[in-house]
Every structure is written in C-alpha cells, then in structure tokens.
2 protein chains.
Amino acid sequence: MYQNRKLYEKYITQEQVELIHEYSLKILEEVGIAIENDYALEVFKKHGASVEGQVVRIPRNVVMEAIANVPGEFTVHGLEKSVTIGEKYDPVNTGPSVPTMIQDFKNGGSYRDSMLPDVVNYYKLQETSPVVNIAMNSCTDTPDLDKSADDYFTPQLALSLKSVTKPIYQVHCVNTENYKKTDLIQANRNVLNFQKQFYDEWDKYVSLTNCCVLSPLAIGADVAAALIGCALENQPVIPISCSMTNLTSPPSLAGTITHDNATLLSAITLVQLIQPGLGCIYGTVTTPTDMRTIQLAIGSPESYLMMMGSIAMARFYGFPVRSGVGGSNSFDLDYQAGVDAFMMLEPGFMGKTDFMLNSVGSYGTYNLGSPEKMVLDEQTILYQKRINEGLNVTAETIMFDNIKEIGPRGSYLQGRTPKIYRKEHFLPLLFNRDGGKPGALMESKGTLIERASKEVEKRYEAYKAPDLTNRQKELLNTYLPEGYKF
Amino acid sequence: MYQNRKLYEKYITQEQVELIHEYSLKILEEVGIAIENDYALEVFKKHGASVEGQVVRIPRNVVMEAIANVPGEFTVHGLEKSVTIGEKYDPVNTGPSVPTMIQDFKNGGSYRDSMLPDVVNYYKLQETSPVVNIAMNSCTDTPDLDKSADDYFTPQLALSLKSVTKPIYQVHCVNTENYKKTDLIQANRNVLNFQKQFYDEWDKYVSLTNCCVLSPLAIGADVAAALIGCALENQPVIPISCSMTNLTSPPSLAGTITHDNATLLSAITLVQLIQPGLGCIYGTVTTPTDMRTIQLAIGSPESYLMMMGSIAMARFYGFPVRSGVGGSNSFDLDYQAGVDAFMMLEPGFMGKTDFMLNSVGSYGTYNLGSPEKMVLDEQTILYQKRINEGLNVTAETIMFDNIKEIGPRGSYLQGRTPKIYRKEHFLPLLFNRDGGKPGALMESKGTLIERASKEVEKRYEAYKAPDLTNRQKELLNTYLPEGYKF
C-alpha cells in the first residue's frame, strides 16, 4: 500500500473542487465538445445528448450516470508481470516515450536522431528498472524503420512484446499514416486483438492506451477511434489533456483546470456509454504556455499547481488518476533538468497519483532523451518514494533509552549499524555522498553523467530477453522489423 | 504576507509533536545538556537547574517559563533595509557562507580556494539578489586574509558592512583563533557593539547570530559565549542543530528530531533566562549520515522529513523557525545539484519556515560554491514561491464566458496577453523555455552554466556600493583588510 498524503489538499479546497465540477457540467451542457468521429456522435445522440455538426452537448445526468461506472482500480497484465492501478497502490510508472532525439554521451553529449537500436535499449532499461512497472511502446517511427508497409504500427508493437515481460502501455495511437489497412476503429481493434493473441488472454486487460484529447474542447479523429476501439475490445484507456494556457485553454489556471476537466469527462463518458465499467484513468499533464516563446513549459510551478488541482478533481470523482512527469524544457542533462524532474514528479509521488507517464528519461520538451537521464530520474523517484513513506514517531522510535545511554558528547557510532537506521535511510546510487576535496572527488568518481553511463551499461548487461513460446515467436516474426526477427 | 501552507502537517501529527515535546523535557530533566561555559552554568543554577560538572539538568517548569518569552516575530535592521522574521512574513533568505572552495567556471569548472575578491563578489550578488534579504558575513578566513592580528574577525565583518545595505547575518562565531584580545563573551559583545556603532543604533536589533549547538546534547564553548554575548547585548540569535543520525544523534529520525529539540530548547532557555523576550529562531539543518561514507547527506529525503518534523516542533512552541537550505552533496553544478536544491528548499518555502541559511549557491557538502549556482538557485526559489502562492479558483477565474466564447477548437491566443495570464505565470530567467532542435538551441543559447555566468557578470555591473558617511568610513577603515580600505 502506498500512502496517499493528498498534498493537493494544501492547494485546493473542497468548495473549489465543487465549483470546478459545476462549471465543467455547464460547459458540457452549454458549450459542448467537438468529436471527430461519427460513431461517437451516434453513441451520444442515442443517449440523449444534442449533436450539432461535430459538437456534442451532454446533459449533466448523462455524464453523471456514465462516469459512476468507472472502477476505482483495475489490473493490466503483461507476459510475466501485472500492475494494479488505483488509489491505494504504488504509483505505476512508465518509462519515457522514445524521443525523436537522443543526447549521446558516448559522443560528448551531442544530439542525433533516435534509431531502432535506441528503441531496444529503452526497452532493456525499462525492463531492468527498479521504478518502471509498465513499459512504454512508443512507436517513435524512427528514420531506420521501414515505412513502406500498410501497417508499420504493429512491427513496433511486436518489438516491445519481444523485449519486455512487464505490461505494455501504448502512448501513440494507431493513425492513418502508420495503419492504412482499414478504418481507424478497426485498426485499434486489430492491434488490441494482436496483443490478446500474443498473451492468449481474452478476458483480461492486456493493454493500456493513451488517448490525448484535443484542446480546446475536442477529441480528434485518431483519439476518438482509439477510445472507441478500446471500449469495444474492453481494454482500458487514459484520456489525457495536455492543454497550454492562453493558447489552447484559458489564460487562467483555474479556467484551464475546468476546461480540461470538462474535456476529460466527455471522453470518459463516451467510453462508459459504450462499455460500462471500462477501466479508465483521468489524466493531465497540462502546462502553462511561456508567452515569450509560445512553448509549453513542462518544468513550471503553474504546471505543478494545475496537476494538483486536477488530481483533486479525479479524487472527487473516484477515478484512478494520472499526473506527474519526469520531464523538462532543458535541452541538456543539467541543473534545470534536476530541478524540473523533482518539481514535476512531486505531484505524482507526493501528490499522489496512480499512474505516471514519462516518469524517467525525458527532457528537451519531450523531444529529447538519454539513457543517462533515465537512471538519474530513477534516483529522484526513489527519493520521493522515501519522502512519501514519512516519519515514524512513536515512544519506541524516539529511543529515549538510547539517548540516555549515550548522553551528552557521546558517540552513537557503535558496533553494527542499527536496524532502525537501515530501515529509515535510503542510500542512493549515482548521486555523490562522498566528502573531501572536490578536485580529488572529480578525479576518482568522474562526473555524474559518466557515473550514469556506467550504470546504463551495467543495466544492458543485466537485461534478459523474455522467455517466449514458439507460438509467440512465430506470431511476432510475422511483424517484427527486418533485423529484429527471431 | 506569505501563506503558511503547513506542508509539515502531511508528515507529522499533533499527537506525535506532543510526544516529542514530552520526551524532550524528559531528556532535559533526566539526561541533561553539557555546556562548556561557567557563566551559563551559573545562570542555570541560579534558576533552579541542577549542575553536575558541565552537565545541566533543567526542570520542565524552568524551560516552559523561559521559552514562553520568545517573541513570535522581530525585526533586524541593516544600513538601508530591514527584515522582519516571523510566521506571517516571507521566508527571510541569506546567501551562502562563502565556501572554502570555488568551482571556477572561468577556468573550465576547475576548483580553487576562495579568496577575499570572492568574498566581495558574494556580497555583490547578495546585495543585488531578488531573493536574498539578509547578507551572510561568513568570515571564511580565506588564505589571503592577514591572520597575524589579535582580531581578524572584525576585518571580515567590516568588509561586509562596507559592501551591503541589507542587514547582516553572522554565521561564524568569534572564536579563540580569530579574536584573541579578550575572553569570548566580551569578544562577542565587542563585535556587536561595533555593529551598533556603525549603524548608530543602540536599541534595535542590528545583527543576527548563528549559534550551532553541539550534538549530542551539548553547547560548545564558542557558541555558549556567542549566546551569552548576544543575550547581554540584546541582539537576536538562531540556535541551530546540525546533527548526523547514528553518529551524533540517534539512528532513528524520530530520535534525532527529539534529541535536537531538547538541545535547542536548552539554548533558547539559556538566552531567555539572561534576556527575557530576546529574539530567537529555532533552527535545524540536521541530516542523515550516509553510513557508506560517514558523511552528512545534505540532499536527502530523510533530511527533508526531519526538517518537516522540526518545523512542526517550532510551530508548536510558537517560535520563528529556520530550516530549508539550497545545498547539495554534489561536487559539480549538475542534475544532482538541481534535485537536491529543489528538495531541500521545499521545507523552507512550501513547508514553510521564516528564515533560511545558505538558501542559494552552496554545494559540495557546504565546502564548495559558485556564483553560477547562486543565480540558478534563485530561480528555483522563485519557482517555489510561485507554487506557494497556490491556485486562485473562483467563479471569475474559471472564466466560463471566455471558454464559451472561444468554444471547441478555437484559439485563446488573441490580441494582448490577458492580465490574468501575467498575474498567474512566473517566467524564469536562465532556465530554457525555447523549443526547437536541441543542437540549434545549444548553439544559440549555450549551456545553462554559460548563461548563468553571463547573468553573474550583469549582476556585478548592476551592483552599487552603499553610500556611507565619513564617520562610517573612518570606523570601517580601522579594521578593513589592506587593499580593501576606503
């Protein structure tokens, strides 16, 4: 059990949560949501919503009845491991979406496009990670991937199924570029059935799909199809908002939280109308816009605050919630990347959420990554998990007898290290804890990034490929990219 | 007014606070505190404490009556500026103690001893800082300081008085090395009188002195003399604990908090018995010991938690409280330095405390610093201050009419940037917020440290020396080091 310290209570009151809720319903009733999919529009119409062009206006009772079916927790199965997502469990973490660019510390920290070997390395690191418990299949469409086929989505998914025993998270939906064989709803169903077939599991959840809604107040064609495909195949989804203040959402933080809440409620309502009781996570990684550059500001106090507000909303509805991210706007693995990682992971681990995407390894405004940042972010996460464990203050742990025995000016350093020390102290990897002259330390230990690079190599060596059956290997071989087949 | 969000309430309960309080009084009554000063022992004896050798055992009523006199807030005056320290005010921040070593980014980030020109530069940065409101006179005894005189403390103090208009904080006490002219209590009185004379202020607080107690359960000779000297001169003090778990304090976090609380209460009791109502701040920057290296772990989850516990104790007594530090164990200005800064400043700004030492610029386990880290830590602090401002959720800030007007798929980017955006968004210096290819960004913007170096130069240029009277200049000239006189 992971303690929910409800840090968000320090930033938003119950009355404010209810006010946001009321205005969200008012938006859904009076303003509406644009949904780029006829099937979705039909579903809403059938349940009593008004549809005008692509804009759906949803009565409050339709929303409230539909969302009442969202389960408080659910389990996603992988090859050997499964994860349960819900308030009382450890936050479930994914690794990073393989970024389009890699900062290559084997080449002095220069930048280059990521390639399929990087994709495989990312799976190795996720599989061996002490904090990642669901692996990200990110379908980055790297330059070395053969894109001549009608379907170059499934080959990338096959590569993830080949590489990890942990459950799989789909961050990029099937779209009309990477899956041309059929319409998008059917494409999503095909992909999910491929996973069911691989695991030979037909009634359990074997996939979890990221469904990024469109701000303001819309659900795009790709994502609507993903939501519907998942609902029809009875596989769970994470509708997620990634608004930008004063650009795709209101200029105020409260307005943005409310806007996001309305949009997310519409997506959750849609899947619940199709498949009542479907596993759903309420997600947000909304950021402010930095108006000097018109860029999303991933590492920002405003994002921290909006995440806290959104977590409170999800808890109000009783939904599992996704937020918190180990990202940064920095284009270098530097002090800013550290500050941003700690700040943006905090809503996840101390806030607390149930699911986190990109919890390790991402920077450069989601476009850049490095294996080194992955292993460093893991340490930051272990710090936050230790903080969340909290203080244990009892008559016993105060240790009065010990204090009396040692007395003034005595030394506590005696004999074996006490059990309570070992229980209460987390000792990090990689981060320096040595003392002495900094020049000598630099000489003997190297830079933090050099230490991280060594750890990455150790992890590649420790990685073991999953033990697959011949049936599974054959199935994957149908799709795996050339050079990556069994 | 700075909002106290009482984040510590998420980590410790009122019952636990009371338990620590009870055991602390039991320690003071049954175990006692060693105090290396006869004057202090006499004071305690006179008020009914039992004294055995240097160990004082203090009855609970003596403690409770004495500490009841601690004022909830007080003001310290400088040349042109003053600061008020207390729960309802902004956390008051000092700059760093000038470290013994500088990471010199003009020389590729190599390390060297700090010198008097560095001391002056640190004053310039503190004087021009948007977050530092009390300047640290750190008396680092740099290698280029003339140490042949009987008193080489006052020359360093004179240099700080020459350099800043902000009030002065004394981090290093007078000791038998740097002040040989007289006994230590009188030495402290002389130094404080020098400051009174400089400001020509005889009834106000014109100094604030760091008084580091000795763990376990002791007050060393230098610090006892400082406490007594300040009390006799009616100048405020910060008794501060810097214990190390399993070395100078119990192996448990709860035991360490209790140990520290008892020791701090003894120091506060001492000054209140001498000067009832004296301004006092309850301070702690206690850390865990990393038993692998037997080093203090400044950047650590356990330190975060113990700080939260100690803040709760100070609030229980109604004392102003010092905690939170922008420090790190890292010997490089890197990702770890960023993570540690954010983590260790959080108890200060979001915890919340009233006073912070070393809030910017410190790393390398307090032995290392750089001007570049000072300006970067300032940004981290401004992030935390923004977070602490919180969310403003009202019917007005939800902006329903705006959401309705823009509607689905519209753009909020219209005309002038709205007032509410400008009010709610903090835009950082130095931290990257630009988008685009990382290689191009690195080329056009340089590394974070390069940007910080430029900012440092700007700040040196913006610095203006204080406007002093001839009387003040003459007074300082009696003491200022050669080469630094008017």
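Below, read A as the first sequence line, B as the second, and so on, with proteins coming before strands; counting in each chain starts at 1. In this text, all values refer to a predicted model and were calculated from it rather than measured experimentally.
A heavy-atom distance below 4.5 Å is found between the side chains of Leu19(B) and Ile398(A). Taking 4.5 Å as the limit, every side-chain heavy atom of Ile294(A) sits out of range of all side-chain heavy atoms of Met244(A). You'll find the side chain of Thr394(B) stays beyond 4.5 Å of the side chain of Gln16(A), heavy atoms only.
Of the atoms belonging to Gln54(A), it is side-chain heavy atoms, and not backbone ones, that fall under 4.5 Å from chain B. Looking at Ala34(A), the atoms closer than 4.5 Å to chain B (heavy atoms on both sides) sit in the backbone and in the side chain alike. When heavy atoms are compared at a cutoff of 4.5 Å, Ile12(A) approaches chain B solely by way of its side chain, counted from C-beta outward. If you measure heavy-atom distances from Ala341(A) to chain B, the contacts under 4.5 Å come from the side chain alone. If you measure heavy-atom distances from Asn392(A) to chain B, the contacts under 4.5 Å come from the backbone alone. Residue contact with chain A, scored on non-hydrogen atoms closer than 4.5 Å, involves the side chain of Ile257(B) exclusively. Proximity to chain B is limited to the side chain of Glu346(A), based on heavy atoms less than 4.5 angstrom apart. At a 4.5 Å heavy-atom cutoff, Ala452(A) makes no contact with chain B through either its backbone or its side chain. For Gln414(B), no part sits under 4.5 Å from any heavy atom of chain A, backbone or side chain. For a residue to count as touching a neighbouring chain, one of its non-hydrogen atoms must lie under 4.5 Å from one of that chain's; by this rule Lys26(A) touches chain B with backbone and side chain alike. Proximity to chain B (any heavy atom under 4.5 Å) is shown, for Ser328(A), by neither the backbone nor the side chain. With a 4.5 angstrom heavy-atom cutoff, Asp377(A) touches chain B via backbone and side-chain atoms both. Contacts between Ile449(B) and chain A at a heavy-atom distance below 4.5 Å are absent for every atom of the residue. For Lys6(A), the parts lying under 4.5 angstrom from a heavy atom of chain B are both the backbone and the side chain. Residue contact with chain B, scored on non-hydrogen atoms closer than 4.5 Å, involves the side chain of Tyr304(A) exclusively. Heavy atoms of Met291(A) lying under 4.5 Å from chain B belong to its backbone as well as its side chain. With a threshold of 4.5 angstrom between heavy atoms, Met101(B) approaches chain A through side-chain atoms but not through N, CA, C or O.
Ring orientation note: the planes of Tyr412(A) and His259(B) are nearly perpendicular, at an angle over 60° on the 30°/60° scale. Ring-plane geometry between Phe342(B) and Phe342(A) is classed as tilted, the angle between the planes lying from 30 to 60 degrees on a 0 to 90 degree scale.
Between Phe431(B) and Tyr383(B), the ring centre distance stays below 6.0 Å.
Checked for salt-bridge contact, Arg57(B) and Glu30(B) miss the test: no charged N lies under 4.0 Å from a carboxylate O. Of the charged side-chain nitrogens involved, none lies within less than 4.0 Å of a carboxylate oxygen, so that Glu424(A) and Arg386(A) do not count as a salt-bridged pair. A salt bridge links Arg409(B) to Glu36(A): at least one charged side-chain nitrogen sits closer than 4.0 Å to a carboxylate oxygen.
Comparing Arg422(B), Met350(B), Arg292(B) by heavy-atom pairs within less than 4.5 Å of chain A, the highest count is held by Arg292(B). The residue among Thr258(A), Val31(A), Asp290(A) with the most heavy atom pairs within less than 4.5 Å of chain B is Asp290(A). Contact count against chain A (heavy-atom pairs under 4.5 Å) is highest for Glu302(B) among Glu302(B), Met399(B), Gln295(B). When Val55(A), Thr380(A), Leu368(A), Ile298(A) are compared by the number of non-hydrogen pairs under 4.5 Å with chain B, Thr380(A) comes out ahead. Comparing Ser330(B), Ala297(B), Gly364(B) by how many heavy-atom pairs each has under 4.5 Å with chain A, the most go to Ala297(B).
Few gaps surround NZ on Lys10(A); more than 12 heavy atoms of other groups in view lie less than 6.0 Å from it.
Annotation: cation-pi pair Lys373(A)/Tyr335(B) absent, no NZ/CZ under 6.0 Å from the ring centroid and within 45° of its normal.
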Determine, step by step, whether Met442(B) and Asp332(A) satisfy the side chain to side chain contact (heavy atoms under 4.5 Å, CB included) criterion, reporting the C-alpha distance in whole Å, the side-chain angles of both residues, the deciding distance to 0.1 Å, and the verdict. CA-CA 8 Å; Met442(B) 184 63 92; Asp332(A) 200 5; 3.5 Å; yes
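No hydrogens or angles considered: nothing links the side chains of Asn388(B) and Lys352(B) as a donor-acceptor pair under 3.5 Å.
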